[in-house]
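What follows is a short report on a single structure.
Reminder, nothing fancy here: chain letters follow the sequence lines and each chain counts from 1.
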Amino acid sequence: MTTLDRNEIIKQSAKKDSYWRGVWRRLKRNRLAIVSAIILIIIALACILVPMFSKYSVSATDVAAADSPPTAEHLLGTDNIGRDLLVRLFYGGRISLGVAISVTALECVIGIVLGAVSGFFGGIVDTIIMRISEVFMCFPFLMICITLQSIFGTSVKVLIFILSILSWPSIARIIRGQILSLREMDYMEACRALGISNFRQIFKHLFPNVLAYVIVYVTLSMASVILTETSLSFLGLGVSPPTPTWGNLIQAARNLLILKSKWWYWVPPGTMIFLSILCFNILGDGLRDAIDPKMQL
Amino acid sequence: MKNYLIRRILQIIPVFLGILFILFFIISKAPGSITDNIMDPRMTPEMRAALQEKLDPNLPFYVKFWNWIVEALHGNFGFSNQHYKPVVDVIGANIGCTFALALTAMILSMLIGIPAGIVSATRQYSAVDNVLTVFSLAGLAFPTFFLGLLLLKVFAIDLRWFPIFGLSNATLAHAPFLTRLGDMAYHLILPAIVLGLAETASFMRYTRSSMLEVIRSDYIRTARAKGLNEKVVIYKHAFRNAMIPIVTLLGFRIPGLISGALMTETVFSLPGVGKLSVEAVNTRNYPLLLGINAMLTMTTLIATLVADVLYAVVDPRIRYD
């Protein structure tokens, strides 16, 4: 009976990936990171649920109740044409977080493929990709965003496209560096000797080893994309109204009267930006420490 | 070292040309033409076409690019129709403010961030360290514009300690130079604090982690074993080596500092390059936009180069062949 149990246990523990379990165990001990993750989940749920179940819609106006400070009826008050700011805050969160997720996903796809190709094949391919990435890295980032937005217009799709096109080099360089050192290891020598195809070598044998870096990068990148998007929208060059985002909701405060006496217009979105960036940064640091504290990221 | 320097400078040229080429390409695809802003309602289509031919002849894209490069090498970056001035002069009139703001913020953040990082590292996990770590995390997460608005509201509007916008007080236009300089500094305090805060946070973080790494090394233990004073160990032995990565950070922070200055200038309505570029976008002033971008790119590239060279200077262990 006991022997059977032991075999069962061994089988089960072999099934589970002990590496990631170790990471999870170390992450759990970092209370700050766990609290950040919980706050982020709450923010995300609020962004999904509040606009769904609120009795006010994002664009419905009610002039009779315009410009009201927070009341029981409108928990975060209303704007100058009577739109409910609580709904707009969380609907804006959908856009801000949605842009951040899309940009991060797209930049990672581009960056991982180019970085892997660059590190794996080396030689002239590597030189070309690295020179291109240098060009993209030296672009005056905010300026080029502004220029492109002024030309292609200010839609959410254009913004996602521009931000991901400009952000891929950092993850590409991280992946390339890792693959360069992994390529020299014995198990890769074995792969080559076995005649495994290049594609399979990259995605089956090299990629799982850089996955940890990608996960940490994704978390930190979410924070920086949120910051960039809200900055651009604040300048009026990101997502343009009436679509709300955390950035263009704050834009209202460029009016001195609103800045002076109507805090409910701009303090809540600012706080949401601050909180989400803070939590993504803490979670990213926590993940890095749980995976490998020596990681240079 | 000399060879390395030459090679690095030569490497910059293709990158710079590549960036300019892409910028020029994007801007050449932009809607609107140069005659849009200066069109007189009485102008006939023929006159307009003639003006277009004179100001912006219909040449192939690469010929225009080549002409622009040749002109730029002679110091002519085009003409800003909006200001009736050459682009160089327009940028020159605005760059002082951005420069003053960025420099003040940088010095402020170094003066606070580096010592705070050292204290944090030498007392790891103490109460001071925890407070400073929380401060640096918050500093990095605060968006420049939100912090700017908050400080503007509290200190300029509610408490009236600082001016609300601009770089100088109009009533002091004919005051002696020193008064005007003091007035400018007074206007720059809040913006510099806003811009400096994120920089301070990042200096602190880097100094802390770099110091922690150095403090754990063998030669520090040796120095302590010799019976050296703890102050000498930290400031003379550890600090010097910990500074190496910080020096590089200086160069790499420049692009971030520029974007930060752009946001800060917008919040505080300062007449700098940031505000100028937002205006250039809104008025579709493409020659000006191209000029500003070229200048910022060059600044970034030079800053990276200086960082690399400084790195070699402070750390004699690094060899370049």
Report the distance from atom [atom1] of [X] to atom [atom2] of [Y], rounding to the nearest 0.5 Å.
X: B/L137; Y: A/L278; atom1: CG; atom2: CG; answer: 6.0 Å
X: B/R205; Y: A/D285; atom1: CZ; atom2: CG; answer: 4.5 Å
X: A/I277; Y: B/L140; atom1: CD1; atom2: CG; answer: 10.0 Å
X: A/R254; Y: B/L149; atom1: CZ; atom2: CG; answer: 9.0 Å

Practice problem: Answer with side chain, backbone, both or neither: which region of B/L147 has an atom nearer than 4.5 Å to a non-hydrogen atom of chain A? | Solution: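 The answer is neither part of B/L147.
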Exercise. Below 4.5 Å from any heavy atom of chain A, which atoms of B/A280 appear? Answer side chain, backbone, both or neither.
Key: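 For B/A280, neither part sits under 4.5 Å from chain A.
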Practice problem: Considering only heavy atoms and a distance below 4.5 Å, find which of A/L275, A/I250, A/I282, A/L32 pairs most often with chain B. | Solution: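 Among the listed options, the one with the most contacts to chain B is A/I250.
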Practice problem: Count the heavy atoms belonging to other residues, nucleotides or ligands that lie under 6.0 Å from OH of A/Y91, then report whether that count exceeds 12. | Solution: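 Open: at most 12 neighbouring heavy atoms sit under 6.0 Å from OH of A/Y91.
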Quiz prompt | Whether A/W266 and B/F146 hold their rings parallel, tilted or perpendicular, with breakpoints at 30° and 60° | solution =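 A/W266 vs B/F146 ring planes: perpendicular.
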Quiz item: Based on non-hydrogen pairs under 4.5 Å, which of B/A138, B/G18, B/P14 is most in contact with chain A?
Solution: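 Answer, by heavy-atom pair count under 4.5 Å with chain A: B/A138.
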Quiz item: Is there a side-chain contact (heavy atoms from CB on, under 4.5 Å) between B/F145 and A/I273 once you walk through the steps?
Solution: CA-CA 11 Å; B/F145 54 95; A/I273 299 172; 4.1 Å; yes
Quiz item: Which bit of A/T271 comes within less than 4.5 Å of chain B, counting heavy atoms only: side chain, backbone, both or neither?
Solution: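 It is both, since atoms from each part get that close.
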Practice problem: Check each atom of A/F234 against the heavy atoms of chain B and say whether the ones under 4.5 Å are side chain, backbone, both or neither. | Solution: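 Just its side chain gets close to chain B.
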